[in-house]
Amino acid sequence: PSMNRLQRGSFEEPANMAFRRLMLPLIAISVITCAAGADDVEAILDRVETRGANVNDLQCKVAYTVEDHISDDTVTRKGNLLYKEKRPVFRITFTKTIQEGIVKRKKSWYWFDGRWFYEAKETAKTVIKRDVAPPGTVIDLFSIDKAPFPIPFGQKKAEILEHFNVTLTPPAGDDPKNTDHLICIPKPDSKLAKDYSKLEFFVSRSLNLPVKIVMTANPADRITTAEFPNLTSASLNADLPDALFQQPKETKRYTVAEE
């Protein structure tokens, strides 16, 4: 099945690309580079990597905004993110969509159970499932360029360095408070360069994890922003029960299609 780039002029995109756009910056910030300001960058990213290595699970709110410069349209979806490292598994539940000032309270879900990747929509009453890890298949979910979608923690520094150059930029007035602003530019020979021209991470100095992420597409006609407004130390390692990662009960009667 096709899981390629999102449709131009439309907010909707393949489920794995939606998750990739949401989570890629979290893994990219484990890079160390020799660019200007490398000493500061290295210190920040060492702290981030140390914190990430000790994340067993995570839950927080997420605001996910897509600015499409072709259609001159901006859409924001808000909801919750759940992640568990053990298998690993995750679930994103969006509960509200805001477009042109209009609020729609219809849910959409994206989740991975260790083998199947699911996308469900309340509006269509459908579930789409994709077998991304069938029996006998060996996939590295911690690989930034080979996994069907990246997992937010666990990547090797050498692999990240292979794909990005990172610099630390001075703070601006609209930056989240008490954060360091990192800019990651995909290297020209990286597979990620065809999808992204720039990734920006706002790393909390107290939490040592990003609280805001800005992704500029390649070409730069779409900007995606992910914000985690209530991400604190209380969001981490709460021993989340497996039941939270099962199929949402609201979708049990939806029509299921396999791609």
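Neither Val41 nor Ile185 shares a network with the other; the hydrophobic side chains, linked directly or stepwise wherever heavy atoms of I, L, V, M, F, W or Y lie under 4.5 Å apart, form separate groups for each. Neither Ile183 nor Ile213 shares a network with the other; the hydrophobic side chains, linked directly or stepwise wherever heavy atoms of I, L, V, M, F, W or Y lie under 4.5 Å apart, form separate groups for each. Residues Ile128 and Trp116 do not share a hydrophobic cluster, clusters being chains of Ile/Leu/Val/Met/Phe/Trp/Tyr side chains in contact below 4.5 Å. Both Phe112 and Val55 sit in one connected hydrophobic cluster of ILVMFWY residues. Membership requires side-chain heavy atoms under 4.5 Å apart, directly or through other members. Residues Ile92 and Ile98 do not share a hydrophobic cluster, clusters being chains of Ile/Leu/Val/Met/Phe/Trp/Tyr side chains in contact below 4.5 Å.
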How far apart are the C-alpha atoms of Thr50 and Val48, what are their side-chain angles, what is the distance that settles it, and do they pass the side-chain contact (heavy atoms from CB on, under 4.5 Å) test? CA-CA 5 Å; Thr50 298; Val48 170; over 6 Å; no
Test side-chain contact (heavy atoms from CB on, under 4.5 Å) applied to Val62 and Phe94, step by step: CA-CA 8 Å; Val62 58; Phe94 289 115; 4.1 Å; yes
Let me see the working for Val203 and Arg47 under side-chain contact (heavy atoms from CB on, under 4.5 Å), right down to the final yes or no. CA-CA 10 Å; Val203 180; Arg47 293 195 298 269; over 6 Å; no
side-chain contact (heavy atoms from CB on, under 4.5 Å) evaluation trace for Asp180 with Phe201: CA-CA 8 Å; Asp180 291 307; Phe201 315 114; over 6 Å; no
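The two atoms that bring Ala220 and His69 nearest to each other are O-ND1, 3.9 Å, heavy atoms only. Leu207 and Thr232 get closest at one heavy-atom pair: CD1-C, 3.7 Å. A pairwise comparison of heavy atoms in Leu231 and Pro210 identifies CD2-O, 3.4 Å as the closest pair. For the residue pair Phe117 and Phe90, the shortest heavy atom distance occurs at CE1-CZ, 3.2 Å. Closest non-hydrogen pair, Val89 versus Gly114, comes out as CG1-N, 4.1 Å. Across Lys61 and Pro229, no two heavy atoms sit closer than the pair O-CD, 3.5 Å.
To the nearest 0.5 angstrom, Tyr64 atom OH is 11.0 Å from Thr76 atom OG1. Remark: Gln246 CD to Asp113 CG distance equals 10.0 Å, nearest 0.5 Å. Atom CD of Gln247 and atom OH of Tyr254 lie 10.0 Å apart (nearest 0.5 Å). Distance CG/Asp73 to CG/Asp68: 7.0 Å, rounded to 0.5 Å. Between the OG atom in Ser233 and the CZ atom in Arg51 there is a gap of 6.5 Å [rounded to 0.5 Å]. The distance from the CD atom of Glu67 to the OG1 atom of Thr74 is 5.0 Å, given to the nearest 0.5 Å.
Under the 4.5 Å side-chain criterion, counting only non-hydrogen atoms from C-beta, Leu244 is not in contact with Arg91. Here the side chains of Trp111 and Pro248 are in contact, with some heavy-atom distance below 4.5 Å. When side chains are defined from C-beta on, Asp131 does not count as touching Lys129, because their heavy atoms never get closer than 4.5 Å. By the 4.5 Å heavy-atom criterion applied to side chains, Val211 and Thr179 are counted as neighbours. Side-chain atoms of Pro186 and Lys198, non-hydrogen and from C-beta on, never get closer than 4.5 Å to each other. Looking at Thr167 and Asn165, their side chains never come closer than 4.5 Å, going by heavy atoms from C-beta outward. Using a 4.5 Å heavy-atom cutoff, the side chains of Thr65 and Val75 are not in contact. No side-chain heavy atom of Asn218 sits less than 4.5 Å from a side-chain heavy atom of Asp195.
Within a 6.0 Å radius of CG in Asp189, other residues, nucleotides and ligands contribute more than 12 heavy atoms. Environment of NZ in Lys104: sparse, with no more than 12 heavy atoms of neighbouring residues, nucleotides or ligands closer than 6.0 Å.
When atom types are taken as modelled, the side chain of Asn237 and the backbone of Asn56 share a donor-acceptor pair closer than 3.5 angstrom. A distance-only check finds no donor-acceptor pair linking the side chain of Thr97 to the backbone of Lys106 [under 3.5 Å]. When atom types are taken as modelled, the side chain of Lys125 and the backbone of Glu122 share a donor-acceptor pair closer than 3.5 angstrom.
Note on Glu119 versus Arg130: salt bridge recorded, some NZ/NE/NH1/NH2 to OD/OE distance being below 4.0 Å. Between Glu250 and Lys107 there is a salt bridge, since a side-chain N of the basic residue sits under 4.0 Å from a carboxylate O of the acidic one.
Side-chain N/O atoms of Asp57 and Tyr83 include no donor and acceptor closer than 3.5 Å. In the model, Gln59 has no side-chain atom that pairs as donor or acceptor with a side-chain atom of Asn80 under 3.5 Å.
The side-chain hydrogen bond (donor to acceptor under 3.5 Å, both in side chains) analysis of residues 169-178, with sequence neighbours excluded, yields no pairs.
Under the ring-ring contact (aromatic ring centres under 6.0 Å, His included) criterion, Phe202 pairs with His181, sequence neighbours left out.
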